[in-house]
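These notes concern the structure reproduced below.
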Amino acid sequence: MDAADAPAWIVLGRSPHGVTAILLDEVAAERARVTLTVDSLAGWVADAESAHAPRWVWNDTPRWYADLLAAGVRVARCHDLRLCHAILRDSALIASAGDLRDAVEWDAAPHAQEHAVPALFELDGAASGRLTLPEGPEDSLAEFARQRAAIAGSRDPGRLRLLTAAESAGALVAAEMRAAGLPWDAAEHDRILVATLGERPLAGGQPALLAAAAARVRDALGDPGASLDSQPKLLRALHRVGVLVESTNRWELAEQRHPVIEPLLEYKKLSRLLSANGWTWLGEWVADGRFRPVYIPGGVVTGRWASSGGGALQLPRQLREAVRADPGWRLVVADVAQLEPRVLAAMSGDTALAAAARGRDLYAGIVESGAVASRQEAKIAILGAMYGATTGESGRLVPRLRRAYPRAMGLVDEAARTGEDGGTVSTWLGRTSPSPSSDWSALQSRATEAEASGADETRARRRARDRGRFTRNFVVQGTAAEWALAWLADLRTRLAGMPAVDAAHAAPRSGPVFADRPHLAFFLHDEVIVHTPEEHAEAAAQAVEDAATAAGRLLFGGFPLDFRLDVRIAETALKD
DNA sequence: CATGATAGCGCG
DNA sequence: AAAGCGCGCTATCATG
């Protein structure tokens, strides 16, 4: 290929004898085809990447990229057909998504191929179509053409190009973070467990401190055989000693005054640590000094990531000290302050809320504006506004925010109304909420019929409000997820451009691509952890800041708002 | 014995 | 002290 023919896009697909690569120019016209063996793929991709830096088009990022990364090959950009299909199929910015909706074979669930059942048990074609993603080069080429046409013909191609690029970049980040892993100090984890629970029991028993808490609970219950792990039995035991709670959840128990409460809360806390993140978890999920969870980009309806296995997005703060940089390396731990209200200010163009947020803690700014009296009130009011609280202190405070920030509150109130009426809402870049279920719609129309009972109407009204709270939150949570994707994507590029360290200072457990340079190691909605050689830690921290600024500009242009970060360079991820 | 629903709790 | 959104995971218990 000479320079004039440099491919802008390369579509990869499985063919009978290996892999076919289809080279497309800037307007996606086909220029060439190359047939590769599976063994030669990684080398060919590496050469094409360094020569042309094309955008790689493939059906499913983990399916292709995990092997490339293992072979030491990284790519800069891709277009993930599965993820982009899901966005474009539903986006309200696209007037005629008919052919995308018809291409139901692209609706396959994430990583469905891993769970695919043998053909023997498949009942019909429709069932199998939902289980496996198309793999052939022609399939991907055709889907890519549908998606490009849908974007080009949409009401806002610019936003959808941004969104599909950001979603695809997120898919690359997710695969890369799994490959690199989160540095995890198993010995420190064990120390935390021993200090909290007692020594690990050899066979079957409970660790000493957990057993001691259980004994104190049984003593306070006056029942040596009381079962503490069965909710119904525990509830009955509590009733027998006069603790008249309706559930055994922590908040309700904490309201009670009885000698059993303190040890019971302690028991629950320890028991949770043991079952969720105890030695079993450690043995199953941490290997060679790394925790390697499966991230699922786009796994939440709002566009947030989900995870599968290991509970990657629920790591208890208690265990943060076990997240520890390799020797000679550091962690850059960064989280965004009040991401969602800042995003709300920007997307609604609410300059008053943006002014309250600029250069400081957003809640402090709201207090200064006089809308509420304390930081705590500001926080409760803002969360209530974004989640749709109607009762309690939160519900009481929201009207004050409506007066102070009518544009921001108007945006979420309008999203709630649309949802209650059965409509759909969209994020800033055009990800659109699902339509109501047929059950929901049937319930609403039944309630308007002449013979509807009062109970029908009450139930319909309640379900309508439930949906209103969902759509109210969708626009904010979803746009915050878009900001976070832009942040991640920009940061990833900045880190990739930083100089490598020599082999003596490398961290080989991070795998061939990441052993010698700063890399993303963890992401959780509004927080990132970068694992970096010590000599690049300051630069990596600056990159995290610069990427946040760039993400704000990319989404909201010159709107006068900053996205403030709390950034620390440390050996562990421990907070405060 | 396997599967699904529920309670509870971890994270943002 | 707790309610308003989004999740995943474990343990228990009812049902097939």
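Given the structure is predicted, the values throughout are model-derived calculations rather than measurements.
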**Q.** Ionic contact status for A:R417 with A:E414, cut-off 4.0 Å
**A.** yes
Q: For A:D566 and B:dG12, give me the distance from atom CG to atom C1', rounded to whole Å.
A: 15 Å
Q: Using a heavy-atom cut-off of under 4.0 Å over every strand shown, decide if A:E393 touches base, sugar-phosphate, or nothing.
A: base
Q) Will you find, in the side chains of A:Y387 and A:S394, an N or O donor that is under 3.5 Å from an N or O acceptor? A) no
Q.
In this structure, how many angstroms lie between the C1' atom of C:dA1 and the CD atom of A:E252, rounded?
A. 12 Å
Between N or O atoms, less than 3.5 Å apart, protein on one side and nucleotides 3-6 of chain B on the other: list the pairs.
none

Q. With a 3.5 Å cut-off and no angle check, do the side chains of A:S426 and A:T432 form a donor-acceptor pair?
A. yes
Q. So what does the secondary structure string of DNA chain C come out as, 5' to 3', with Watson-Crick or wobble pairs under 3.5 angstrom, [ ] for crossing and | for pairs with another strand?
A. ....||||||||||||
Q) Taking C-beta and beyond as the side chain, do A:L210 and A:Y267 meet within less than 4.5 Å on heavy atoms? A) yes
Q: Return the value, rounded to whole Å, for the distance between atom CG of A:L273 and atom P of C:dA11.
A: 13 Å
(Q) Restricting to salt bridge (charged side-chain N to carboxylate O under 4.0 Å, His left out), what partner residues turn up for A:R304, sequence neighbours left out? (A) A:E340
(Q) Under 6.0 Å between ring centres: does that hold for A:F556 and A:W428? (A) yes
(Q) Any salt bridge linking A:R564 with A:D361? Criterion: basic side-chain nitrogen under 4.0 Å from a carboxylate oxygen. (A) no
Q. Any ion pair linking A:D439 and A:R463 (charged N to carboxylate O, less than 4.0 Å)?
A. no
Q) Are A:F522 and A:W184 close enough that their ring centres sit under 6.0 Å apart? A) no
(Q) What I want to check is whether the side chains of A:S348 and A:D350 have a donor and an acceptor closer together than 3.5 Å. (A) no
**Q.** d(CZ, A:F523; C1', B:dC11) in whole Å
**A.** 13 Å
Q) Please give, in whole Å, the distance from C:dA11 P to A:W281 CH2? A) 15 Å
Q. Can A:R317 and A:E527 be counted as an ion pair, charged N to O under 4.0 angstrom?
A. no
Q | Separation of A:Q256 CD from A:E262 CD (nearest 0.5 Å) | A | 15.0 Å
Q) Taking the inter-plane angle between the rings of A:F291 and A:W285 on a 0 to 90° scale, is it parallel (under 30°), tilted (30 to 60°) or perpendicular (over 60°)? A) perpendicular
Q. Counting any heavy atom closer than 4.0 Å, what does A:K268 reach on the DNA or RNA strands: base, sugar-phosphate only, or nothing?
A. sugar-phosphate
Q. Any idea if B:dG8 is syn or anti, going by the 90°-from-0 cut?
A. anti
Could you list all N or O pairs between the protein and nucleotides 13-16 of chain C that sit under 3.5 Å apart?
residue	atom	partner	partner atom	Å
C:dC13	OP1	A:S230	OG	2.4

What's touching nucleotides 4-9 of chain C from the protein side, N or O pairs under 3.5 Å?
residue	atom	partner	partner atom	Å
C:dG4	O3'	A:R469	NE	2.8
C:dC5	OP1	A:R469	NE	2.8
C:dC5	OP1	A:R469	NH2	3.3
C:dG6	O4'	A:Q477	NE2	3.2
C:dG8	O4'	A:Q314	OE1	2.9
C:dG8	N2	A:Q314	NE2	3.2
C:dG8	N3	A:Q314	NE2	2.6
C:dC9	OP1	A:G309	N	2.1

(Q) What is the separation between atom CG on A:L397 and atom C1' on C:dA3, rounded to the nearest whole Å? (A) 12 Å
Q: Calculate the interatomic distance between A:K379 atom NZ and C:dA1 atom P; express it in whole Å.
A: 16 Å
(Q) I need the A:I380 CD1 to A:E393 CD distance, nearest 0.5 Å. (A) 4.0 Å
Q | Gap between atoms OH and C1', on A:Y295 and B:dC11 respectively (whole Å) | A | 13 Å
(Q) Nearest 0.5 Å, please: how far is CZ in A:R467 from CG in A:D421? (A) 9.5 Å
Q. Taking 4.0 angstrom as the limit, do A:R431 and A:D90 come out as a salt bridge?
A. no
Q. In residues 235-251 of chain A, which residues come under 4.0 Å of DNA chain B by heavy atom?
A. A:S247, A:T248, A:N249, A:R250
